[in-house]
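In what follows, a structure is listed as structure tokens, so that the remarks can point back to it.
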Amino acid sequence: MQTITILGATGSIGCSTLDVIARHPERYRVFAITGNSQLRPLMEQALACGARYVVVADEQRYTEAKALAADMGVQSEVLCGVKALEDVSSAPEVDAVMAAIVGAAGLLPTLAAVKAGKRVLLANKEALVMSGALFMDAAKQSGATILPIDSEHNAIFQCLPHTFTYGNLPASGISSILLTGSGGPFRERPLTDFDSITVEEACYHPNWSMGRKITVDSATMMNKGLEFIEACWLFGASPDDITVVLHPQSTIHSMVQYVDGSVIAQMGNPDMRTPIAYGLAYPERIDAGVGPLDFATLADLTFSTPCRSRFPNLYLAIEACRVGQSATTRLNAANEVAVAAFLDGQIRFSDIARINEQTLNKMEPIDVYSLQQILEQDQLARHTAAELIRGLM
Ligand code: NAD
Ligand code: MG
């Protein structure tokens with residue numbers, strides 16, 4: 001029996017995690033679930049899964065959350081605030097933590113789980129993009145196991161050899177990591193239309209159902225850029241070890257190419273319950289509720305290289321990855337601000353990449369490592385991006 005905390009339980013990954021867990025009551029017990037603003041769905045989840053704690057990230061809503069819990073007959077203890085998020089991630093009773101808060105807000109609770117040596121099911125890619133070296137060092141020190149949940153990284157993890165040694169791909173016979181991405185909804189849209197892309201269009205993904213921020217990131221391919229950086233940290237790869245491949249059908253979730261010419265790919269229907277189930281049960285396999293691939297009806301599988309002028313955010317992220325931690329921390333922060341402004345109707349779709357690029361251009365690369373330095377750079381970049389956005393309005 002594994003005891004699990006789910007950070008970001010009300011989100012797309014959180015709901016899929018609870019779905020998989022509910023299929024295996026003999027294997028998993030929920031210790032805590034957390035949410036931010038959707039109090040009623042969070043309390044409904046608490047009733048359904050019997051979590052011992054329910055944490056609301058926003059402290060201002062404590063009284064409201066307590067009252068609602070009492071009203072709905074929720075037995076779980078209600079807690080509030082970032083400290084409580086950290087506590088339920090690091091509590092001694094907890095075996096595994098699903099890190100599925102979106103954005104920089106996920107960093108502190110995820111890091112708390114890492115420092116406490118938990119089995120960390122990492123969906124939140126922003127934490128690693130913001131603080132890769134610190135994060136991986138903390139895992140090494142505490143003995144935490146990081147299991148990638150992002151479908152591409154989960155696929156790569158499944159395709160690695162048993163002899164894999166972190167940070168030495170050639171020693172494992174690997175010549176390249178092939179990171180696949182669908183290209184999102186605007187893969188074929190005329191570039192001249194990009195200024196007029198609406199929020200509704202950008203929030204529709206052809207293959208995956210996800211939260212709004214990652215869906216917009218998929219449309220700009222910033223998501224693939226963040227995943228490029230994430231892959232470098234997770235597997236100890238250098239930027240030259242990774243190739244991004246456009247694969248619109250999202251049937252192959254990524255591949256590992258070997259020096260002998262072999263390529264090993266992980267395939268499946270595009271449903272996050274597969275990598276979630278893999279992370280929960282590793283090294284075993286359990287039913288995820290996902291149907292098998294039907295090869296009789298499978299459409300053609302096609303591949304190409306993503307175009308720089310169509311997806312400037314992807315190439316910006318790859319360049320930031322080469323520059324180092326200060327650049328990736330700032331890029332992540334600027335992107336969060338720019339995507340929020342786009343979703344709010346303040347800027348155009350094509351402005352997102354402009355804000356990101358200009359933010360990076362305004363700040364000289366520096367050495368950052370400590371949590372304090374990282375949070376400082378995150379804040380500075382948010383201010384810079386917000387100023388640039390005001391200049392556009
Ligand atoms: P989502 O928007 O559906 O859910 C986000 C969750 O985070 C919600 O529970 C929300 O309450 C919580 N949250 C938001 N702001 C918060 C804050 N300030 N403090 C505490 N909690 C907060 O997002 P999602 O699509 O489930 O994605 C979650 C993470 O997983 C992201 O980092 C995303 O990149 C990653 N991911 C998602 C998918 C997917 O298919 N959805 C795939 C791969 C990786
Ligand atoms: Mg992904």
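Atoms within each ligand, like the ligands themselves, are counted from 1 in listed order.
- A salt bridge links R322 to D240: one of the charged nitrogens lies within less than 4.0 Å of a carboxylate oxygen.
- Any N or O atom pair closer than 3.5 Å counts here, and T10 shares at least one such pair with ligand 1.
- Between F194 and F349, the ring planes are perpendicular. Angles over 60° get that label, and only those under 30° would be called parallel.
- For ligand 1, the atoms sitting less than 4.0 Å from at least one non-hydrogen atom of I214 are 25 (O), 33 (C), 34 (O), 36 (N), 37 (C), 38 (C), 42 (C), 43 (C), 44 (C), numbered in the order shown with element in parentheses.
- For ligand 1, the polar-atom distance check against G8 finds a nitrogen or oxygen pair separated by under 3.5 Å.
- For D150, no nitrogen or oxygen atom sits less than 3.5 Å from a nitrogen or oxygen atom of ligand 1, counting backbone and side chain alike.
- Distances from the Mg ion (ligand 2) to the N/O/S atoms of E227 are shortest for OE2.
- Of the polar atoms of N36, at least one N or O is found under 3.5 Å from an N or O of ligand 1, judged by distance alone.
- Checking T297 against D294 by side-chain atom types alone, a donor-acceptor pair falls below 3.5 Å.
- Of all protein heavy atoms, the one lying nearest to atom 28 (C) of ligand 1 is A100 O, 3.4 Å.
- Contacts between A105 and ligand 1 below 4.0 angstrom, taking non-hydrogen atoms only, involve the side chain exclusively.
- Heavy-atom distances between G35 and ligand 1 reach below 4.0 Å in at least one pair.
- Counted by atom type alone, D137 and Y369 present one or more donor-acceptor pairs between their side chains at under 3.5 Å.
- Between K224 and E227 there is a salt bridge, since a side-chain N of the basic residue sits under 4.0 Å from a carboxylate O of the acidic one.
- Ranking the protein heavy atoms by distance from atom 3 (O) of ligand 1 puts S12 N, 2.9 Å first.
- In terms of protein heavy-atom proximity, atom 2 (O) of ligand 1 is closest to G211 CA, 3.9 Å.
- At the shortest separation from atom 29 (C) of ligand 1 among protein heavy atoms lies I101 O, 3.8 Å.
- In terms of polar-atom proximity, G14 is not counted as a contact of ligand 1, lacking any N or O under 3.5 Å from an N or O of the ligand.
- In this structure, T251 and M267 have side chains that are in contact, with non-hydrogen atoms separated by less than 4.5 Å.
- Ring geometry, F235 versus H153: the interplanar angle falls under 30°, so the pair is classed parallel (tilted spans 30 to 60°).
- In this structure, a donor-acceptor pair under 3.5 Å is absent between the side chains of T329 and D378.
- In summary, the side chains of D260 and S262 do present a donor paired with an acceptor at a separation below 3.5 Å, with no hydrogens or angles considered.
- Between the OE1 atom of E152 and the OD1 atom of D150, the angle centred on the Mg ion (ligand 2) amounts to 100° when rounded to 10°.
- Within the 4.0 Å heavy-atom criterion, both parts of A123, backbone and side chain, lie near ligand 1.
- Across all non-hydrogen atoms, the minimal contact from S182 to S250 is CB-OG, 3.4 Å.
- Scanning both residues, Q257 and V263, for their nearest heavy atoms gives NE2-CG2, 3.7 Å.
- With a 4.0 Å heavy-atom cut-off, ligand 1 is reached by the backbone of V102 and by its side chain too.
- The atoms of ligand 1 that sit less than 4.0 Å from any heavy atom of A57 are 19 (N), 20 (C).
- The closest side-chain donor-acceptor pair between Q346 and D344 falls under 3.5 angstrom.
- Residue R212 has no nitrogen or oxygen atom sitting less than 3.5 Å from a nitrogen or oxygen atom of ligand 1, judged on distance alone.
- Taking any N or O of M210, backbone or side chain, none lies under 3.5 Å from an N or O belonging to ligand 1.
- K125 counts as a contact of ligand 1, since one of its heavy atoms falls under 4.0 Å from the ligand.
- Considering backbone and side-chain N/O atoms, I13 comes within less than 3.5 Å of an N/O atom of ligand 1.
- In terms of heavy atoms, I33 sits closest to A9 at CB-CB, 3.6 Å.
- Taking the six-membered ring where tryptophan is involved, the planes of Y278 and Y282 are tilted, since the angle between them lies from 30° to 60°.
- Closest to atom 32 (O) of ligand 1 among all protein heavy atoms lies E126 OE1, 2.7 Å.
- Scanning the protein for heavy atoms near atom 4 (O) of ligand 1, the closest one is G11 CA, 3.1 Å.
- Contacts between K213 and ligand 1, counted as non-hydrogen atom pairs separated by less than 4.0 Å, are absent for every part of the residue.
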